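Written out below as structure tokens is the structure these notes cover.
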Amino acid sequence: MADLSLPDLYRGYIACLNAQDWARLGEFVDEKVEHNGRRFGLSGYRDMLVNDFETIPDLRFNIDFLVCEPPRIAARLLFDCSPKGEFLGLRVDGRRIHFAENVFYEFRNGKIVSVWSVIDKVAIEAQLDS
């Protein structure tokens, strides 16, 4: 994968997530990955993603746009899904919601070492209130 550009690597990572191909996650994510300042490690990061797909069976990561300034990528991801029960502390209970995630990644040696993620919870709250 060293021959791939950073945006191509990132698109491969997103494809890996959407395929739930957890055996390949280590091709894209470093063993010592951090998420929002907390060291998860690859296994903790994988567990977080597996839980996301269990909580949101129709989860799909859709790239709206991405900006690349090596060694970092910034992406706006769009979601159209139906989480079971609670999501971000909100009672969604299977209702379809649409929201965006603004996420920043830092790569080292072709792998994600840091992730900073902000989900538009206000957009979700507005849909649940209507």
Side-chain angles (χ1 to χ4, degrees):
M1 279 199 246
D3 295 337
L4 294 177
S5 71
L6 210 49
D8 288 338
L9 268 174
Y10 182 71
R11 286 182 184 96
Y13 163 73
I14 292 297
C16 177
L17 297 185
N18 285 332
Q20 299 179 54
D21 189 355
W22 309 129
R24 290 190 57 221
L25 189 62
E27 294 177 24
F28 303 96
V29 179
D30 190 80
E31 284 289 333
K32 296 179 181 176
V33 67
E34 294 183 0
H35 183 270
N36 287 346
R38 294 179 15 220
R39 181 167 286 169
F40 270 32
L42 179 58
S43 64
Y45 193 74
R46 181 185 309 114
D47 291 346
M48 176 187 70
L49 291 165
V50 167
N51 182 65
D52 289 345
F53 277 93
E54 287 173 358
T55 304
I56 311 169
D58 59 349
L59 182 61
R60 180 147 183 88
F61 292 75
N62 299 295
I63 300 170
D64 184 24
F65 63 82
L66 62 92
V67 177
C68 181
E69 186 175 308
R72 294 182 184 88
I73 280 190
R76 178 176 168 86
L77 302 174
L78 300 179
F79 299 91
D80 178 2
C81 56
S82 306
K84 301 185 297 188
E86 278 195 17
F87 178 65
L88 301 176
L90 302 170
R91 294 288 320 157
V92 178
D93 296 323
R95 287 179 276 181
R96 180 160 297 287
I97 56 173
H98 313 276
F99 62 94
E101 176 184 18
N102 297 309
V103 63
F104 306 87
Y105 302 85
E106 183 172 353
F107 286 75
R108 189 174 309 125
N109 299 321
K111 292 188 179 186
I112 297 167
V113 294
S114 294
V115 181
W116 299 272
S117 166
V118 179
I119 293 176
D120 188 354
K121 186 175 178 181
V122 172
I124 298 168
E125 290 170 333
Q127 293 168 66
L128 297 176
D129 289 340
S130 59

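All values below were derived from every heavy atom in this structure, side-chain atoms included, with hydrogens, water molecules and symmetry-related copies excluded. Model, not experiment: these values are computed from the prediction.
- One distance of note links CG of Leu49 with CG of Leu25; it measures 6.0 Å at 0.5 Å rounding.
- Around atom CZ of Arg91, more than 12 heavy atoms belonging to other residues, nucleotides or ligands sit under 6.0 Å away.
- A single hydrophobic cluster is seen to contain both Trp22 and Ile14, as judged by linkage of ILVMFWY side chains at heavy-atom distances under 4.5 Å, directly or through other members.
- Note: Ile112 CD1 to Ile73 CD1 = 8.0 Å, rounded to the nearest 0.5 Å.
- Checked by atom type and distance alone, the side chain of Gln127 pairs as donor or acceptor with a backbone atom of His98 at under 3.5 Å.
- Asp64 contributes no side-chain N or O that, together with a main-chain N or O of Arg76, makes up a donor-acceptor pair within less than 3.5 Å.
- Considering all non-hydrogen atoms of both residues, Ser117 and Asn36 come closest at N-OD1, 2.7 Å.
- Taken to the nearest 0.5 Å, the CZ atom of Phe53 stands 4.5 Å off from the CD atom of Gln20.
- In the hydrophobic clustering of ILVMFWY residues, with side-chain heavy atoms under 4.5 Å counting as a link, Ile63 and Val103 come out together.
- What you find for Glu106 and Arg72 is that their closest heavy atoms are OE1-NH2, 3.8 Å.
- A donor-acceptor pair under 3.5 Å is absent between the side-chain atoms of Lys32 and the main chain of Arg39, judged by distance alone.
- Listed by chain and residue number, nothing satisfies the ring-ring contact (aromatic ring centres under 6.0 Å, His included) test with Phe107 (two or more places apart in sequence, or in another chain).
- Note that SG of Cys81 and CD1 of Ile56 are 4.5 Å apart. Values are rounded to the nearest 0.5 Å.
- Residue Arg96 places its CZ atom among more than 12 non-hydrogen atoms of other residues, nucleotides or ligands, all under 6.0 Å distant.
- Transitive grouping of hydrophobic side chains (ILVMFWY, heavy atoms separated by less than 4.5 Å) brings Val50 and Met48 into a common cluster.
- Other residues sharing a hydrophobic cluster with Val122 under the 4.5 Å side-chain heavy-atom criterion for ILVMFWY residues do not exist; the residue is a singleton.
- The aromatic rings of Phe61 and Phe79 sit perpendicular, their planes meeting at an angle over 60°, well past the 30° parallel limit.
- Judged purely by atom type and a 3.5 angstrom limit, Arg95 uses its side chain to pair as donor or acceptor with the backbone of Val92.
- Annotation: salt bridge (Lys or Arg N to Asp or Glu O under 4.0 Å) contacts of Glu101 (sequence neighbours excluded): none.
- Scanning all heavy atoms of the two residues, the minimum distance from Leu6 to Pro70 falls at CD2-CA, 3.9 Å.
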List the steps and the verdict of salt bridge (Lys or Arg N to Asp or Glu O under 4.0 Å) for Glu27 and Arg24.
CA-CA 5 Å; Glu27 294 177 24; Arg24 290 190 57 221; 3.1 Å; yes

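- Rounded to the nearest 0.5 Å, atoms CD1 (Ile119) and CZ (Phe87) are 4.5 Å apart.
- Here the NE2 atom belonging to His35 is positioned 10.5 Å from the OG atom belonging to Ser114, to the nearest 0.5 angstrom.
- Every residue was checked against the ring-ring contact (aromatic ring centres under 6.0 Å, His included) condition with Tyr45, not counting sequence neighbours, and none meets it.
- Around the CG atom of Asn51, the shell of radius 6.0 Å holds more than 12 heavy atoms that belong to other residues, nucleotides or ligands.
- Under the rule for a salt bridge (Lys or Arg N to Asp or Glu O under 4.0 Å), Asp120 has no partner lying at least two apart in sequence or in another chain.
- Apart from Val113 itself, the hydrophobic cluster it occupies contains nothing, where clustering links Ile, Leu, Val, Met, Phe, Trp and Tyr at side-chain heavy-atom distances under 4.5 Å.
- A donor atom on one side chain and an acceptor atom on the other are not found under 3.5 Å apart for Thr55 and Asp52.
- By the 4.5 Å heavy-atom criterion applied to side chains, Leu66 and Pro7 are counted as neighbours.
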